[in-house]
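Following: one structure in structure tokens, then a few remarks.
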Amino acid sequence: MRPEKPAAADHVDVDHIAEAARLERTADLYPEDAEQLLLQAAAHLELAGARDRATTLYDNLLSPSAPHPPSSPLLIRALKASNLWEYGHEAEARAIIDGVRAASPRDPAPWVIVAESLESHDELEQAHATFTEAVTLLLPAPAAEPPYATHPLLFGRHRVRRLLGAEHDDWDAMADRVSTASVPLDELHDPKRIWSLGSENPAELRAEIARIQAELGSYREALSRPFPVAVLHWPSTELTELLTAYPSLTSEYPSHEAHLSTIESSLRELSASGTPNLGIVTGTVPSYEAFAASEASSPEDSTLLPQYATTLAARGRAVSWPPEGDGVCWCGSGQAYAECHGATADPV
């Protein structure tokens, strides 16, 4: 039996509760984006200490009677398990975690959630095994530039191995290479750091403050990028409808072929400049018109287009770029990316 109220219910954060309620109302307005919006609402409820209410949201998303099947059921299960463990439902949480691991998701996010949940409860060997299963599945060979979404797996595995006193391996070297922190990961993840906090040596305390600042900087960087930097894509039929209704936008989209070429070149320029976490969002004319109306503006205002793309990305509609492995091209041709737009430019 789950308790009616979590232990921290007397200290709920009213702002988080209000934000959760706002997100739930927004989910009612945008049912196609309800999953992402309700996951954000559940996160606010967890931060407020209303963990039983967060579990209810996870259960509703996973329910067979939900209006739409969840697009990321394993991620929802992982989040539910992590939440359950935090308010006394360890056995249920462990069972869900075992199920997530057995399902071998291709998305890094569920792996990160369950591994960090194990780590936070001092199950270091199991956390290490989970991180290792994930990187072995998703990064079968150490790569020069692993996908941005896999970085938390590499960093988490490095951190747990440091706590276990394990020697560096190829995955640890990769984690070091992709880390942007000003302090090396070995220092950030040093299990002896905690002892320096009790030191009376000013030099040691200053060094620890510098490490904490570097670590906070890394967290802030991750939190500031909750969704990809996304470029807007119009399928051929949607672009034709858009330009028929709003011919002034022809200056932005002289042809569908030019539009597709511009998307690929823009993303490659962003990638070459060092911008990580890139994606593509697909627009529809009704959705764009509704967005313009919400901004009290005309769809003919071309300055709305990047804002529309950012809004779609924030609602979880972005697809990461470039497609991994032999994935199909983002343009909708059905061809492999490497044989379509991926063949038109130098490799990223």
Side-chain angles (χ1 to χ4, degrees), residues 32 69 71-72 74-75 103-111 133-154 170-171 174 177-178 225 227-243 249-285 287-288 305-306 308-310 312-313 315-348:
E32 71 277 15
S71 62
S72 305
L74 291 176
L75 173 60
S104 299
R106 303 296 302 189
D107 175 13
W111 289 107
E133 288 170 20
V135 297
T136 302
L137 176 69
L138 302 179
L139 298 170
E145 190 58 44
Y148 183 82
T150 64
H151 290 190
L153 289 173
L154 294 168
D170 289 343
W171 304 116
M174 185 190 298
R177 191 166 61 249
V178 302
R225 299 291 304 284
F227 46 83
V229 172
V231 175
L232 181 60
H233 165 231
W234 295 99
S236 178
T237 55
E238 293 291 337
L239 186 60
T240 299
E241 182 180 345
L242 179 74
L243 297 180
L249 293 179
T250 302
S251 60
E252 296 288 327
Y253 306 113
S255 71
H256 191 247
E257 291 73 18
H259 170 51
L260 299 183
S261 178
T262 299
I263 290 173
E264 182 70 23
S265 61
S266 297
L267 287 165
R268 287 185 175 272
E269 287 176 10
L270 287 167
S271 178
S273 71
T275 304
N277 199 22
L278 299 171
I280 295 174
V281 290
T282 299
T284 67
V285 174
S287 170
Y288 178 57
L305 295 168
Y308 175 54
T310 299
L312 290 177
R315 284 161 55 187
R317 307 305 292 273
V319 176
S320 63
W321 178 94
E324 295 181 24
D326 57 355
V328 297
C329 190
W330 53 265
C331 71
S333 67
Q335 299 180 35
Y337 173 68
E339 299 172 0
C340 192
H341 281 86
T344 63
D346 294 332
V348 176

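Source: prediction; values computed, not measured.
- Considering CG of Leu249 and CG of Leu305, their distance stands at 6.0 Å, rounded to 0.5 Å.
- The shortest heavy-atom contact between Ser104 and Leu137 is O-CD2, 3.7 Å.
- When all heavy atoms are compared, the tightest approach of His341 to Cys329 is ND1-SG, 3.6 Å.
- To the nearest 0.5 angstrom, Thr237 atom OG1 is 11.0 Å from Leu242 atom CG.
- Shown here are the salt bridge (Lys or Arg N to Asp or Glu O under 4.0 Å) partners of Glu339, two or more places apart in sequence or in another chain: there are none.
- Listed by chain and number, the residues in a side chain to side chain contact (heavy atoms under 4.5 Å, CB included) with Pro235 are His233, Glu238, Thr282 (sequence neighbours excluded).
- For Tyr288, there are no side-chain hydrogen bond (donor to acceptor under 3.5 Å, both in side chains) partners, not counting sequence neighbours.
- In terms of the side chain to side chain contact (heavy atoms under 4.5 Å, CB included) criterion, residue partners of Thr250 (sequence neighbours excluded) are, by chain and number, Leu243.
- By the side-chain hydrogen bond (donor to acceptor under 3.5 Å, both in side chains) test, Ser251 pairs with no residue at all, sequence neighbours left out.
- Remark: Glu252 CD to Thr262 OG1 distance equals 10.0 Å, nearest 0.5 Å.
- Rounded to the nearest 0.5 Å, atoms OG (Ser266) and CD (Glu269) are 6.0 Å apart.
- Between the side chains of Tyr308 and Ser287, a donor-acceptor pair is found at a separation under 3.5 Å.
- In terms of heavy atoms, Leu270 sits closest to Ser273 at O-OG, 2.7 Å.
- Of all non-hydrogen atoms in His256 and Trp234, the two that sit nearest each other are NE2-O, 3.0 Å.
- How far CD of Glu241 is from OG of Ser236: 11.5 Å, rounded to the nearest 0.5 Å.
- In this structure, the side chain to side chain contact (heavy atoms under 4.5 Å, CB included) partners of Ser72, at least two apart in sequence or on a different chain, are Glu35, Leu75.
- For the residue pair Pro152 and Ala149, the shortest heavy atom distance occurs at CD-O, 3.4 Å.
- With values rounded to the nearest 0.5 angstrom, Leu74 atom CG is found 8.5 Å from Asp107 atom CG.
- Pro105 approaches Trp111 most closely through the heavy-atom pair O-NE1, 2.8 Å.
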